[in-house]
Structures are given as structure tokens and as C-alpha cells.
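Okay, so here's the structure we're looking at.
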Amino acid sequence: QVQLVESGGGLVQSGGSLRLSCAASGRTFSTYAMGWFRQAPGKEREFVARISWSGSSTYYADSVKGRFTISRDNAENTAYLQMNSLKPEDTAVYYCAARRSRYITTTEGNAMDYWGKGTLVTVSS
């Protein structure tokens, strides 16, 4: 089984930046598509970004497009989410997820096979 551990969350002012990391176990990390999701207080979990197994294909939610960048380093078994120009509405617990497939063509969280426990991002105005 794959284990995912997020890190890098914290408190940042509006307009600032944070970089989240997702460390994965297992030798098969490089064959898995990855995604980031978030859940704000009182709201449903929502899709943020996804990346294919090689990193060549990415996709973003409209709410973060142009501000966030998803990437991965398969040699380090790590996925990243660079978050720039943060807004208070970005405040949420951010979750890393993996799917046992090279690609993801959906934004549905139930398509993912493994989940981290989340890291909290708080953006102050």
C-alpha cells in the first residue's frame, strides 16, 4: 500500500506563497498519477490539480489556474503544489492523493486510491 504524507502548510498573508510537499512510499510512485484536493471549513472537498505519471500532463481547477503549479520528482518520490498569489478563499486543509494509473481524466476525488492526512493552509487578509 502507498502511504502519502503532506507537509508545508501554514499561515501566510494574502498575496503570499507556500509550497506543499507530498512524500510517497513505494517503488511504484513513478507509475501513479497524483492529485491535490482541498476542503475548506463547512464546505465539500474540491479538486485543485492533477498530474500524470511522468509529469508531462497537468490540469487545474479554474479557481487556482495561473496561481498554483503542480509538479513531481519521481526520483524523490515526491509531489509538490506551489501556491502563489494566495487568497483568503484558499484557506483549507490540502490533501495529496494518488491513483494506480498513469493518467487521471477526472476531477472526482473518489477516483483516487490513496490519500494523505492533509496539511492546513491559512491565508489571512
Side-chain angles (χ1 to χ4, degrees):
Q1 299 295 313
V2 173
Q3 296 183 56
L4 305 174
V5 180
E6 303 97 333
S7 62
L11 175 64
V12 65
Q13 291 184 333
S14 180
S17 299
L18 283 175
R19 190 190 195 196
L20 306 183
S21 296
C22 174
S25 66
R27 299 186 304 275
T28 56
F29 172 79
S30 63
T31 72
Y32 294 169
M34 303 292 295
W36 286 94
F37 297 78
R38 67 186 183 186
Q39 186 168 23
K43 296 186 177 181
E44 295 294 315
R45 181 184 62 198
E46 65 175 344
F47 167 80
V48 176
R50 70 187 187 213
I51 188 168
S52 64
W53 71 294
S54 67
S56 62
S57 178
T58 59
Y59 184 76
Y60 300 89
D62 289 342
S63 59
V64 306
K65 188 175 183 179
R67 300 188 297 119
F68 291 11
T69 302
I70 187 171
S71 62
R72 66 191 298 161
D73 186 339
N74 288 345
E76 298 290 337
N77 278 14
T78 304
Y80 303 95
L81 185 68
Q82 177 67 46
M83 305 184 295
N84 299 326
S85 301
L86 284 162
K87 306 174 182 179
E89 51 263 45
D90 294 318
T91 295
V93 176
Y94 284 72
Y95 298 92
C96 175
R99 177 177 172 83
R100 294 190 298 171
S101 174
R102 293 176 298 165
Y103 301 94
I104 307 175
T105 57
T106 179
T107 60
E108 295 293 327
N110 59 16
M112 311 306 291
D113 296 307
Y114 307 103
W115 292 86
K117 294 183 178 180
T119 185
L120 177 63
V121 172
T122 302
V123 184
S124 62
S125 60

By salt bridge (charged side-chain N to carboxylate O under 4.0 Å, His left out) - contacts of Arg67 (at least two apart)
Asp90
To the nearest 0.5 Å, tell me how far Ile51 CD1 sits from Trp36 CH2.
11.5 Å
Disulfide (SG to SG under 2.5 Å) partners of residues 4-106, not counting sequence neighbours, each pair once:
Cys22-Cys96
Can a donor-acceptor pair be found, under 3.5 Å and without considering hydrogens, that links the side chain of Glu6 to the backbone of Lys117?
yes
Please list all pairs passing the ring-ring contact (aromatic ring centres under 6.0 Å, His included) test where one or both residues lie in residues 105-125, with sequence neighbours left out.
Phe37-Trp115
Hydrophobic clustering (ILVMFWY, side-chain heavy atoms < 4.5 Å, transitive) - are Leu4 and Val48 grouped together?
yes
Treating Ile, Leu, Val, Met, Phe, Trp and Tyr as nodes and any side-chain heavy-atom pair under 4.5 angstrom as an edge, say whether Tyr95 and Leu120 lie in one connected cluster.
yes
Without swapping roles, check the side chain of Ser25 against the backbone of Gln3 for a donor-acceptor pair under 3.5 Å.
yes
Can you tell if the side chain of Phe29 reaches within under 4.5 Å of the side chain of Val2, non-hydrogen atoms only?
no
Are Val123 and Leu18 grouped together when hydrophobic residues (ILVMFWY) are joined by side-chain heavy atoms under 4.5 angstrom apart?
yes
Any donor-acceptor pair under 3.5 Å from Ser56 side chain to Ser54 backbone
no
Between CE on residue Met34 and OG on residue Ser71, distance to nearest 0.5 Å
11.0 Å
CZ of Phe68 to OG of Ser63: how many Å apart, nearest 0.5 Å?
7.5 Å
Any Lys/Arg nitrogen of Glu46 or Arg38 sitting under 4.0 Å from an Asp/Glu carboxylate oxygen of the other?
yes
Closest approach of Pro88 to Ser125 (non-hydrogen atoms, all atoms of both residues)
CG-CB, 4.0 Å
Quick check for you: to the nearest 0.5 Å, what is the distance between Arg102 atom CZ and Ser30 atom OG?
11.5 Å
For a 4.5 angstrom cut-off between non-hydrogen side-chain atoms, does Ile104 reach Met112?
yes
Report yes if some heavy atom in the side chain of Asp73 is under 4.5 Å from a heavy atom in the side chain of Tyr80; otherwise report no.
yes
Cluster overlap Val12 with Val64, hydrophobic side-chain contacts below 4.5 Å:
yes
Distance check, rounded to the nearest 0.5 Å: Ile70 atom CD1 versus Arg50 atom CZ?
10.0 Å
Would you name the heavy atoms of Ala111 and Thr106 that are closest together and state the gap between them?
CB-CG2, 3.5 Å
Inter-residue atom distance Tyr94.OH - Ser7.OG, 0.5 Å rounding
15.0 Å
Under the side chain to side chain contact (heavy atoms under 4.5 Å, CB included) test against Val121, which residue among Leu81, Leu11, Thr91, Leu20 passes?
Leu20
Might you point out which heavy atoms bring Ser21 and Thr78 nearest each other, and give the distance in Å?
CB-CG2, 4.3 Å
Find out whether Arg99 and Tyr32 are in side-chain contact, i.e. whether some heavy atom of one side chain is under 4.5 Å from a heavy atom of the other.
no
